[in-house]
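Basis for what follows: all heavy atoms, side chains included, without hydrogens, waters or symmetry-related copies. Naming convention: chains lettered A, B, ... in sequence-line order (proteins, then strands); numbering from 1 in each chain. Just so it is clear, the structure is predicted and the values come from calculations on it, not from any experiment.
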There are 2 protein chains.
Amino acid sequence: MKRDSRLSGVLHVLLHMAQQPGPFTSETLAKAMDTNPVVIRRIMAGLRELGYVRSEKGHGGGWTLACDLSKVTLRDVYAALGSPSLLAMGNRTEAPGCLVEQAVNAALDQAFHDAEALLLSRLGEVTLAMLGADLRKRLGSRKIHDMSAHRA
Amino acid sequence: MKRDSRLSGVLHVLLHMAQQPGPFTSETLAKAMDTNPVVIRRIMAGLRELGYVRSEKGHGGGWTLACDLSKVTLRDVYAALGSPSLLAMGNRTEAPGCLVEQAVNAALDQAFHDAEALLLSRLGEVTLAMLGADLRKRLGSRKIHDMSAHRA
DNA sequence: CCATCATGTAACATACAAAGTTACATGAAA
DNA sequence: TTTCATGTAACTTTGTATGTTACATGATGG
């Protein structure tokens with residue numbers, strides 16, 4: 001399956017933003033992620049609705065963090081994306097008449113549900129602040145790849 | 001994400017086959033699953049290679065179970081399909097130079113790995129024989145939708 | 001031997017979602 | 001009023017599962 005990388009992408013953006021004061025334009029963020037500004041706006045839209053970030057138009061505009069990073073978990077971010085399906089596999093038919101299919105679904109659903117629950121739980125344990133702390137550990141004294149260079 | 005239903009499909013086929021003696025042609029099985037014979041052959045190919053089923057050409061040919069159903073788990077069947085990816089989400093970049101991305105990947109990988117491991121473990125706990133037993137419980141005294149009707 | 005049946009497989013078509021792109025409207029700042 | 005930046009619709013591209021067609025291979029029955 002082609003894998004959905006929106007969560008990975010949006011976390012990357014948020015973590016970048018947490019490293020220096022904003023605001024950041026979609027174009028700046030897009031360059032850092034090697035993608036398109038519209039893609040950035042797309043994945044950030046849900047976060048804006050939930051109040052995790054703000055966006056301003058015009059000169060000096062762009063995206064700004066608007067939440068307590070120690071209060072927002074990866075699960076919250078996932079939810080802000082619209083809770084896309086976590087598993088690549090699913091049942092052939094969701095509400096089958098065939099008893100064979102029902103038996104198969106029951107067995108798979110059990111396993112699928114457990115795995116999804118664990119994943120969500122794990123995502124709920126990690127806050128953006130924790131991610132930031134981990135990043136700073138990795139950075140040591142070095143600077144991250146400097147986005148201000150892009151901001152001419 | 002569009003979900004991969006091959007595991008669900010192949011289990012359906014195997015369970016059908018376990019209910020009555022074979023052999024079953026790809027066309028018969030395809031009709032029961034409301035799909036195409038070639039699709040059946042495709043998902044059964046891996047099982048044949050691992051010896052879980054056999055196939056014969058010509059008159060009276062078709063697919064036959066060739067394993068001890070109490071020894072084969074859903075995980076084995078999954079592996080026979082080529083172990084397609086279980087999760088619908090993944091990292092944007094697998095081996096990034098950017099430290100921000102590395103921090104994000106590390107956090108997500110942890111959660112992803114745990115969920116995959118749990119799912120595989122759960123699948124490993126269920127044998128085809130157990131699925132069959134559950135099916136017979138659901139059947140009660142009724143017959144499953146009768147494939148022999150299709151076999152003229 | 002040959003017609004029929006069934007698998008094996010390549011090749012192509014279809015469906016669908018994420019990701020990328022283009023275009024333009026909206027609104028804010030200089 | 002020009003410039004910048006977001007907001008969003010519409011379209012293109014890409015990747016994968018799924019569906020389909022076509023034909024080769026081999027087994028069975030006459």
Side-chain angles (χ1 to χ4, degrees), chain A residues 1-10 12-13 17 22-31 33-49 53-64 66 78 81-93 150-152, chain B residues 1-10 12-13 17 22-31 33-49 53-64 66 78 81-93 150-152:
Chain A
M1 292 290 290
K2 191 181 172 185
R3 282 166 129 170
D4 182 342
S5 66
R6 278 176 296 177
L7 180 58
S8 170
V10 75
H12 188 162
V13 167
M17 291 172 69
F24 303 83
T25 68
S26 300
E27 193 173 347
T28 301
L29 296 171
K31 273 195 180 113
M33 305 224 348
D34 196 40
T35 182
N36 194 288
V38 177
V39 174
I40 300 292
R41 294 189 192 117
R42 211 135 63 186
I43 61 178
M44 297 288 277
L47 296 193
R48 183 183 52 228
E49 274 164 37
V53 297
R54 261 180 306 120
S55 62
E56 305 282 353
K57 292 180 175 177
H59 281 275
W63 299 90
T64 321
Y78 162 76
L81 292 177
S83 303
S85 77
L86 294 169
L87 298 181
M89 317 196 61
N91 292 323
R92 221 171 47 84
T93 307
H150 295 303
R151 305 180 74 211
Chain B
M1 291 290 292
K2 193 178 170 190
R3 281 165 128 170
D4 182 344
S5 66
R6 279 175 295 178
L7 180 57
S8 171
V10 74
H12 189 163
V13 166
M17 290 174 68
F24 304 83
T25 68
S26 302
E27 193 174 347
T28 300
L29 296 171
K31 272 196 181 114
M33 305 224 347
D34 195 42
T35 183
N36 194 289
V38 177
V39 173
I40 300 291
R41 294 188 191 116
R42 210 134 66 184
I43 62 178
M44 297 287 277
L47 296 192
R48 182 184 51 229
E49 275 163 35
V53 296
R54 260 178 308 119
S55 63
E56 306 279 355
K57 293 179 175 178
H59 280 275
W63 298 90
T64 322
Y78 162 75
L81 293 178
S83 303
S85 77
L86 295 170
L87 298 180
M89 319 197 60
N91 293 321
R92 223 173 45 85
T93 308
H150 296 300
R151 304 179 72 210

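Rounded to whole Å, the distance from CD on B:Glu49 to P on C:dG8 is 10 Å. Between the P atom of C:dG8 and the CD1 atom of B:Ile40 lies a distance of 13 Å, rounded to the nearest Å. Between the NZ atom of A:Lys31 and the P atom of D:dA5 there is a distance of 11 Å, rounded to whole Å. If you take CZ of B:Arg3 and C1' of C:dA17, they are 13 Å apart, rounded to a whole angstrom. The CZ atom of A:Arg6 sits 12 Å away from the P atom of C:dG20 (whole-angstrom rounding). Note: CD (A:Glu27) to C1' (D:dC4) measures 10 Å, nearest angstrom. Between A:Asp4 atom CG and D:dG15 atom C1' the separation is 13 Å, expressed in whole Å. Atom pair B:Leu81:CG and D:dA17:P shows a separation of 11 Å (rounding to whole Å applied).
Pairs passing the salt bridge (charged side-chain N to carboxylate O under 4.0 Å, His left out) check and including a residue from residues 81-92 of chain A, sequence neighbours excluded, read A:Arg92-A:Glu101.
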Full working for side chain to side chain contact (heavy atoms under 4.5 Å, CB included) between A:Leu87 and B:Leu86: CA-CA 6 Å; A:Leu87 298 181; B:Leu86 295 170; 5.6 Å; no
Check the pair B:Thr93, A:His12 against side chain to side chain contact (heavy atoms under 4.5 Å, CB included), reporting the backbone distance first and the verdict last. CA-CA 11 Å; B:Thr93 308; A:His12 188 162; over 6 Å; no
Determine, stepwise, if the pair A:Phe24 / A:Thr64 fulfils side chain to side chain contact (heavy atoms under 4.5 Å, CB included). CA-CA 7 Å; A:Phe24 303 83; A:Thr64 321; over 6 Å; no
Stepwise, does the side chain to side chain contact (heavy atoms under 4.5 Å, CB included) test hold for B:Met89 with A:Arg3? CA-CA 5 Å; B:Met89 319 197 60; A:Arg3 282 166 129 170; 6.0 Å; no
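The B:Arg48 side chain lies nearest to C:dT9 when the options are D:dT6, D:dA17, C:dT9.
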Side-chain polar contacts of residues 35-45 of chain B - donor-acceptor pairs under 3.5 angstrom, sequence neighbours left out - could you list them?
| from | atom 1 | to | atom 2 | distance (Å) |
| --- | --- | --- | --- | --- |
| B:Asn36 | OD1 | B:Val38 | N | 3.0 |
| B:Arg41 | NE | B:Ser26 | OG | 3.3 |

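Bending across the helix from C:dC1-D:dG30 to C:dA30-D:dT1, expressed as the angle between its end axes from five pairs apiece, amounts to 10° (10° rounding).
When every heavy atom of A:Gly60 is checked against every heavy atom of A:Pro23, the shortest pair comes out as O-CG, 3.2 Å. Considering all non-hydrogen atoms of both residues, B:Trp63 and B:Thr25 come closest at CD1-C, 4.3 Å.
Note on A:Ser5: a side-chain N or O is less than 4.0 Å away from OP1 or OP2 of C:dA19. At C:dA6, none of the side-chain N or O atoms of B:Ser26 fall inside 4.0 Å of OP1 or OP2 (strictly under the cut-off). For the OP1/OP2 pair of D:dT6 and a distance below 4.0 Å, the side-chain nitrogens and oxygens of A:Ser55 include no atom meeting the criterion.
With sequence neighbours excluded, the residues forming a salt bridge (charged side-chain N to carboxylate O under 4.0 Å, His left out) with B:Arg54 are B:Glu56, listed by chain and number.
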Nucleotide-resolved protein contact map, nucleotides 21-30 of chain C, B/S/- at heavy-atom distance under 4.0 Å: BB---BBBB-
